[in-house]
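Heads up: the structure comes next, in C-alpha cells.
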Amino acid sequence: MRRFTRELSALVIIIVLVALAILLAPTIRGILGERAHEADRSLLQDAIPIYQESRVFPQPEWPTLSGEIGAPREGNAAGYQCDGSDGGEICSWLAFELLSEHGGLESTAAITSAETTLNVGATNAPSGNYGWYLNAGGQVNSEPSFDRDIGYP
C-alpha cells in the first residue's frame, strides 16, 4: 500500500508540473519572442547610420527597397509588389543587401525574423516572419507589429 501511495504521489506531482508547464509556455514564448524581435529591431536601427555614413553615391539616403521612408503601402493594389505599378506605392521595406554591403549587418542572414518576400535576401526563421521597414521618422518598425500575447505571426 505504501508503494502505491508513493507512486500515486509521484504521478500527482508530474501532472501538476505538466499543467504548470502548459500554463507558462505562452508567457515564456512571448518573452523570448519579444527579446528576439527587439534584438532584430535594434540591430537594424543601429545599421541605418552606418549605411548613411558609408553609402556610395548615387545610393539613396535610406536603405529601403525604393529609397523612401514611411508606412509601406501599395496604394490601391493588394499586396506589396514594390514594382512601381501603383502611384500611391511606398516601398519602405529595408533592403538588407544594402545594409549588409554598406551598413552594419554582417550579412542578410543576421536578421532571422524577416519575411523574404518583403525584405529581399533575408532569411526566415521558424519563429516568425516580419517585414522590417523605416517609418517617416527613420525608425525601424515591423509589419505586423510585435504582440507579446500572440507572439510571432
Side-chain angles (χ1 to χ4, degrees), residues 14-153:
I14 290 171
I15 290 171
V16 168
L17 290 175
V18 168
L20 282 172
I22 290 170
L23 291 173
L24 292 177
T27 302
I28 292 169
R29 267 196 316 270
I31 291 169
L32 295 177
E34 184 175 31
R35 285 184 183 161
H37 180 271
E38 182 54 30
D40 279 353
R41 194 206 64 73
S42 181
L43 185 63
L44 288 167
Q45 190 68 59
D46 292 346
I48 302 300
I50 296 170
Y51 163 80
Q52 290 175 320
E53 291 171 9
S54 66
R55 70 189 168 114
V56 179
F57 292 95
Q59 288 177 327
E61 177 183 3
W62 299 104
T64 62
L65 296 180
S66 68
E68 296 179 87
I69 58 174
R73 67 186 191 98
E74 183 63 25
N76 296 323
Y80 298 105
Q81 288 85 21
C82 290
D83 61 3
S85 64
D86 191 324
E89 179 177 275
I90 297 175
C91 191
S92 57
W93 304 109
L94 284 170
F96 290 162
E97 288 85 5
L98 288 177
L99 289 175
S100 176
E101 293 169 16
H102 306 284
L105 292 183
E106 282 183 33
S107 73
T108 59
I111 305 302
T112 58
S113 62
E115 168 60 61
T116 56
T117 60
L118 302 178
N119 303 96
V120 180
T123 59
N124 281 330
S127 55
N129 297 308
Y130 287 94
W132 293 97
Y133 69 95
L134 285 178
N135 69 16
Q139 298 299 305
V140 174
N141 286 327
S142 68
E143 178 63 37
S145 297
F146 183 80
D147 185 316
R148 191 172 186 180
D149 295 330
I150 298 171
Y152 283 115

Pairing residues for D46 by the side chain to side chain contact (heavy atoms under 4.5 Å, CB included) criterion, not counting sequence neighbours: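 Testing D46 for side chain to side chain contact (heavy atoms under 4.5 Å, CB included), a comparison that skips the adjacent residues, returns S42.
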Could you tell me which non-hydrogen atom of [X] sits nearest to which non-hydrogen atom of [Y], and how far apart they are?
| X | Y | answer |
| --- | --- | --- |
| S92 | P72 | OG-N, 3.5 Å |
| S100 | E106 | OG-O, 3.8 Å |
| I69 | I90 | O-CG2, 4.0 Å |

Quick one: side-chain hydrogen bond (donor to acceptor under 3.5 Å, both in side chains) partners of R55, sequence neighbours excluded? none
With sequence neighbours left out, write down each residue that passes side-chain hydrogen bond (donor to acceptor under 3.5 Å, both in side chains) with Q59, or none if nothing qualifies. H102
To the nearest 0.5 Å, how far apart are CZ in R41 and CD in Q139?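 Result: 7.0 Å between the selected atoms.
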Might you work through the side-chain contact (heavy atoms from CB on, under 4.5 Å) test for Y51 and L105, ending with a clear yes or no? CA-CA 9 Å; Y51 163 80; L105 292 183; over 6 Å; no
Any side-chain to backbone donor/acceptor pair from Q45 onto N141? Under 3.5 Å, distance only.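 No; judged by distance alone, with no hydrogens or angles, the pair does not exist.
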With the side chain counted from C-beta on, respond yes when L94 and I48 share a heavy-atom pair under 4.5 Å apart, and no when they do not. yes
If the test is side-chain contact (heavy atoms from CB on, under 4.5 Å), which one of Y133, Y130, W132 qualifies with E143? Y133
Contacts table for residues 61-68: side-chain donor-acceptor under 3.5 angstrom, sequence neighbours left out:
{"unit_1": "T64", "atom_1": "OG1", "unit_2": "G67", "atom_2": "N", "d": "2.8"}
{"unit_1": "T64", "atom_1": "OG1", "unit_2": "E68", "atom_2": "N", "d": "3.0"}
{"unit_1": "T64", "atom_1": "OG1", "unit_2": "E68", "atom_2": "O", "d": "2.8"}
{"unit_1": "S66", "atom_1": "OG", "unit_2": "E68", "atom_2": "N", "d": "3.2"}
{"unit_1": "S66", "atom_1": "OG", "unit_2": "E68", "atom_2": "OE2", "d": "3.2"}
{"unit_1": "S66", "atom_1": "OG", "unit_2": "C91", "atom_2": "O", "d": "2.7"}

